[in-house]
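Here it is, the structure, as structure tokens.
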Amino acid sequence: MIKNVTVVGAGTMGNGIAHVFAMNGFQVNLVDISQPALDKAIKTITKNLDRMVKKERITSDEKNNTLANLTTYTSSAEAVKDADLVVEAATENIDLKLKIFKQLDELSPAKAILASNTSSISITKIASVTQRPEKVIGMHFMNPVPVMKLVEIIRGYSTTDEVTNIIMDLSRTLKKVPVEVNDYPGFVANRILLPMINEAISALFEGVAGVEEIDTVMKLGMAHPMGPLRLADFIGLDVCLAILNVLHQGFGNPKYAPCPLLVNMVTAGKLGQKSGEGFYRYIPGTRDFEVSDVFKK
Ligand code: NAD
């Protein structure tokens, strides 16, 4: 029975995952090495809960109970000692994830299930650094977590049926729709999404059309709620690049090679919405954005 959940990483995804578990009555320990990231996460969760109260989707008591279910930590040792489940949502970097999972395996109770929210890194690889590969699984939430229904559940090579079923049921308890997939590069969601985003960046790079034109074609022509360049900014350009690198290396197929423009933007620190600029520039303190100066005609 899962009651205590530790979320490792309090960035874009970690705060949403913590929000959803806490709102559904789980005790959540949220860990990040950065205190400012934890402060920002609690601020974001509070703001999102306030919006839900305003829209009458939850009551003020539910908001207060959700916040009361959350505790923050800057180190894992204390945060995982009573965990039934750990959901890791730290930066998308394989060496970092392997280090985190080795440590989580040492620090967590033997019964605990260790899940990763990785967008693309092999669950089998992550499981291989633990003494409990049968209890390691992918729990890939979508951004923004409180809004998006899907959770892609990734079975590693050794993940048992029992653990998979527990996590599928748990996702339903969170009022999400779980879909079970196998552990191959990019799983399903990003194997299909990232080549599309990369192609949109290539179209911009080659001067086929501008930022707004590309996004408008996909929004109005394909009924996508967001164009691919705006979506890339929303996901984080560093995250997009990391996923494309995994697809490229994992399949050895040049069709997944990241567009040089994406590589340049990440190198220049233009990471999309979270850094204030990517294909669009985000106006601080508002929900407004406009095409970045570099891409204006
Ligand atoms: P992010 O950069 O917003 O946040 C990552 C957080 O991890 C940072 O706050 C950082 O301080 C923290 N961190 C780094 N090392 C840590 C450690 N050792 N212990 C604890 N915390 C640590 O990244 P994100 O976009 O939230 O992505 C997190 C994970 O979720 C990645 O694996 C990513 O692939 C995946 N994911 C991202 C999206 C998306 O749209 N951004 C969607 C689905 C899945």
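Both ligands and their constituent atoms are indexed starting at 1 by order of listing. Along the sequence shown, residues carry numbers from 1. All values below come from the heavy atoms of this structure, side chains included, with hydrogens, waters and symmetry mates left out.
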Is there a side-chain contact between Asp84 and Met1 in this structure, where contact means two heavy atoms from C-beta onward sitting under 4.5 Å apart? no

Please determine whether any non-hydrogen atom of Lys97 lies less than 4.0 Å from an atom of ligand 1. yes

Closest non-hydrogen protein atom to atom 4 (O) of ligand 1, residue and atom name please, with distance? Gly11 CA, 3.3 Å

Tell me whether Phe251 at atom CZ has more than 12 heavy atoms from other residues, nucleotides or ligands lying less than 6.0 Å away. yes

Ligand-side contact atoms (ligand 1) for residue partner Glu92, heavy atom cut-off under 4.0 Å: 31 (C), 32 (O), 33 (C), 34 (O)

Could you check whether any side-chain N or O of Asn4 sits under 3.5 Å from a backbone N or O of Gln27, counting only pairs where one atom can act as donor and the other as acceptor? no

Is Phe141 close enough to touch ligand 1? Criterion: a residue heavy atom under 4.0 Å from a ligand atom. yes

If I apply the N/O under 3.5 Å rule, does Ile235 come out as touching ligand 1? yes

Could you report the tightest heavy-atom contact between Pro185 and Gly250, atom names first, then the distance? CG-CA, 3.9 Å

Which pair of heavy atoms, one from Asn24 and one from Val20, lies closest together, and at what distance? ND2-O, 2.8 Å

Greater than 12 external heavy atoms within 6.0 Å of Lys296's NZ: yes

Could you say whether the N/O atoms of Asp238 and ligand 1 ever approach to under 3.5 Å? no

What atoms of ligand 1 come within less than 4.0 Å of a heavy atom belonging to Lys274? 2 (O)

Taking distance alone, with no angle check, do His140 and ligand 1 share an N/O pair under 3.5 Å? no

What do you reckon, does Asp32 have a nitrogen or oxygen under 3.5 Å from a nitrogen or oxygen of ligand 1? yes

Under the salt bridge (Lys or Arg N to Asp or Glu O under 4.0 Å) rule, collect the residues that match up with Asp82, sequence neighbours excluded. none

Determine whether Phe26 and Leu170 make a side-chain contact, defined as any pair of heavy atoms from C-beta on separated by less than 4.5 Å. yes

If only atom types and distance count, is the side chain of Thr91 paired as donor or acceptor with the main-chain N or O of Asn93 below 3.5 Å? no

Taking N or O atoms only and a 3.5 Å limit, does Met13 qualify as a polar contact for ligand 1? yes

What residue and heavy atom of the protein are closest to atom 30 (O) of ligand 1, and at what distance? Asn117 ND2, 2.9 Å

Considering only heavy atoms, which of Val8, Ile121, Ile33 lies nearest to atom 16 (C) of ligand 1? Ile33

Check for me whether Arg230 meets the cation-pi criterion with Phe289, that is, NZ or CZ under 6.0 Å from the six-membered ring centre and within 45 degrees of the ring axis. yes

At under 4.0 Å between heavy atoms, which part of Thr12 makes contact with ligand 1: side chain, backbone, both or neither? both

Shortest protein contact, atom 40 (O) of ligand 1 (heavy atom only): Asn143 ND2, 3.1 Å

Tell me whether Ala89 reaches ligand 1 (any heavy atom closer than 4.0 angstrom to a ligand atom). yes

Ser119 N/O to ligand 1 N/O under 3.5 Å: yes

